[in-house]
Amino acid sequence: MPLLPCLALALAAMTAESLTTTERAISRAVDARTAAAIDLLERLVNINSDTMNFAGVRAVGDILRHRLDALGFRTRWVDGAPFGRAGYLVAEHTGSGPRLLLVGHLDTVFEPSSPFQKVERLADSTARGPGIIDMKGGDVIMVLAMEALRDAGVLSSLHITIVMNGDEEHAGEPIAEARRARILDRFRTRLAGEPYLTFNPGVAPGGARVALDTMANKGTAEGKTNIVAERMTMQGDLRALSPEQLQRT
């Protein structure tokens, strides 16, 4: 796979004249960190993190957690014992700016007994290895993007949550616990103490492709059981006793 991170490729496709001062700073930071990012990718890929190799999944998570800690993220490991898996890495960076949610996974499909275990460099810009695309390369891009944003002085204002699960390739059981809708649940628990407030996620299609007809309040979704849903769209109702309560919630 091409090892140059997609962020760098996207920025390189723009003309220098079209970039803002901040975008040029981010681009320079990505370029400066590309070699280190490739080394990190090789280190992660060379750790077997088959879904059922809990120690390996945690080892990959520990490396990424350390990098995110250094960027000022608050990190925690969500134990996967209730659903028979290694668990999840959750990292949160608070800021007053836009809220972003980045989702990835730490596990691969290659068991410790598989002969496919290490990175093999095929050319200066190409390599192959277990999980190098799906999706340790994506995990490294997330970290590289955060480091580049920090170097450019942008990260401090962003509110970012990163979730990397350890059972994407082979979901744990019970599936209701392994795939619990945590965003909606957190919304419920945060607002449960508001007196007389009512809220209802009336329709919530999610999958690889989603279409929502907001006027008819109906939608369609397509996906597969072995992928993480790319998007979820929710439409509902929120009612309060006063404009002040509505604004607060």
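- Across all their heavy atoms, Ile162 and Met142 have their closest contact at CG2-SD, 4.0 Å.
- Looking only at distances, no side-chain donor or acceptor of Thr126 sits under 3.5 Å from a matching main-chain atom of Ala123.
- The nearest pair of heavy atoms linking Gly166 to Thr51 is O-CG2, 3.7 Å.
- In this structure a side-chain-to-backbone donor-acceptor pair under 3.5 Å is present from Gln245 to Pro195.
- Each of Glu92, His93, Arg99 was scored for a side chain to side chain donor-acceptor pair (under 3.5 Å) with His159, with one residue passing: Arg99.
- To the nearest 0.5 Å, the span separating CG on Asp107 from CZ on Phe54 amounts to 10.5 Å.
- Hydrophobic clustering places Leu149 together with Leu102 (ILVMFWY residues linked when any side-chain heavy atoms are closer than 4.5 Å, directly or through intermediates).
- The shortest non-hydrogen separation linking Asn53 to Pro112 is ND2-CG, 4.1 Å.
- Remark: the backbone N or O of Gly172 is paired with a side-chain donor or acceptor of Asp167 at under 3.5 angstrom.
- If you take OG on Ser27 and CZ on Arg24, they are separated by 10.0 Å, rounding to the nearest 0.5 Å.
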Trace of the side-chain contact (heavy atoms from CB on, under 4.5 Å) decision for Thr161 with Leu100: CA-CA 6 Å; Thr161 300; Leu100 303 175; over 6 Å; no
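- You'll find the side chain of Val163 stays beyond 4.5 Å of the side chain of Leu89, heavy atoms only.
- Formation of a donor-acceptor pair under 3.5 Å by the Gln235 side chain with backbone atoms of Thr214 is found in this model.
- Judged purely by atom type and a 3.5 angstrom limit, Arg85 uses its side chain to pair as donor or acceptor with the backbone of His170.
- The shortest heavy-atom contact between Ile26 and Ala148 is O-CB, 4.0 Å.
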Verdict with reasoning, Val60 to Lys136, per side-chain contact (heavy atoms from CB on, under 4.5 Å): CA-CA 9 Å; Val60 171; Lys136 291 177 179 177; 4.0 Å; yes
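- A chain of hydrophobic side-chain contacts below 4.5 Å, direct or via other Ile, Leu, Val, Met, Phe, Trp or Tyr residues, connects Ile47 to Ile132.
- The closest side-chain donor-acceptor pair between His105 and Asp139, if any, does not fall under 3.5 angstrom.
- Here the shortest heavy-atom pairing between Pro130 and Thr108 reads O-CG2, 4.3 Å.
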Intermediate values then yes/no, side-chain contact (heavy atoms from CB on, under 4.5 Å), Leu197 and Thr249: CA-CA 9 Å; Leu197 179 77; Thr249 55; 3.6 Å; yes
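- A donor-acceptor pair is defined here as one N or O able to donate and one able to accept, closer than 3.5 Å; such a pair exists between the side chain of Glu23 and the backbone of Thr20.
- With hydrogens and angles disregarded, a donor-acceptor distance shorter than 3.5 Å links the side chain of Ser49 to the backbone of Leu106.
- Remark: Thr94 OG1 to Ile160 CD1 distance equals 10.5 Å, nearest 0.5 Å.
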side-chain contact (heavy atoms from CB on, under 4.5 Å) assessment of Arg43 paired with Ile63: CA-CA 9 Å; Arg43 182 182 176 192; Ile63 293 172; 3.5 Å; yes
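- Remark: side-chain polar atoms of Asn46 are paired, donor with acceptor, to backbone N or O of Val119 under 3.5 angstrom.
- Residues satisfying the ring-ring contact (aromatic ring centres under 6.0 Å, His included) criterion with Phe110, sequence neighbours excluded, are Phe116.
- Residues Leu44 and Leu71 share a hydrophobic cluster, clusters being chains of Ile/Leu/Val/Met/Phe/Trp/Tyr side chains in contact below 4.5 Å.
- Put simply, Ile133 and Met135 are part of the same group of oily side chains (I, L, V, M, F, W, Y) that touch within less than 4.5 Å, one to the next.
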Residues Arg209, Glu230; criterion salt bridge (Lys or Arg N to Asp or Glu O under 4.0 Å); working and verdict: CA-CA 7 Å; Arg209 289 172 296 279; Glu230 180 179 346; over 6 Å; no
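- Met234 is not connected to Leu212 by any chain of hydrophobic side-chain contacts under 4.5 Å among Ile, Leu, Val, Met, Phe, Trp and Tyr, and they are in different clusters.
- Phe199 has its side chain out of reach of Asp237: every pair of non-hydrogen atoms, C-beta onward, lies at least 4.5 Å apart.
- Between Asp50 and Val109 there is no side-chain heavy-atom pair separated by less than 4.5 Å.
- A search for salt bridge (charged side-chain N to carboxylate O under 4.0 Å, His left out) contacts involving Arg248 returns Glu194, not counting sequence neighbours.
- The shortest side-chain heavy-atom distance between Thr34 and Ile38 falls under the 4.5 Å cut-off.
- Residue pairs meeting the side chain to side chain donor-acceptor pair (under 3.5 Å) criterion with at least one partner in residues 69-78, sequence neighbours excluded, are Arg65-Thr75, Asp69-Thr75.
- No salt bridge links Lys118 with Glu42; every basic N to acidic carboxylate O contact stays at or beyond 4.0 Å.
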CA sep, side-chain torsions, deciding dist, call: Gln117, Asn48, side chain to side chain donor-acceptor pair (under 3.5 Å): CA-CA 7 Å; Gln117 294 292 333; Asn48 179 279; 3.1 Å; yes
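- Looking at every heavy atom in both residues, Ala29 comes nearest to Asp151 through CB-CB, 3.8 Å.
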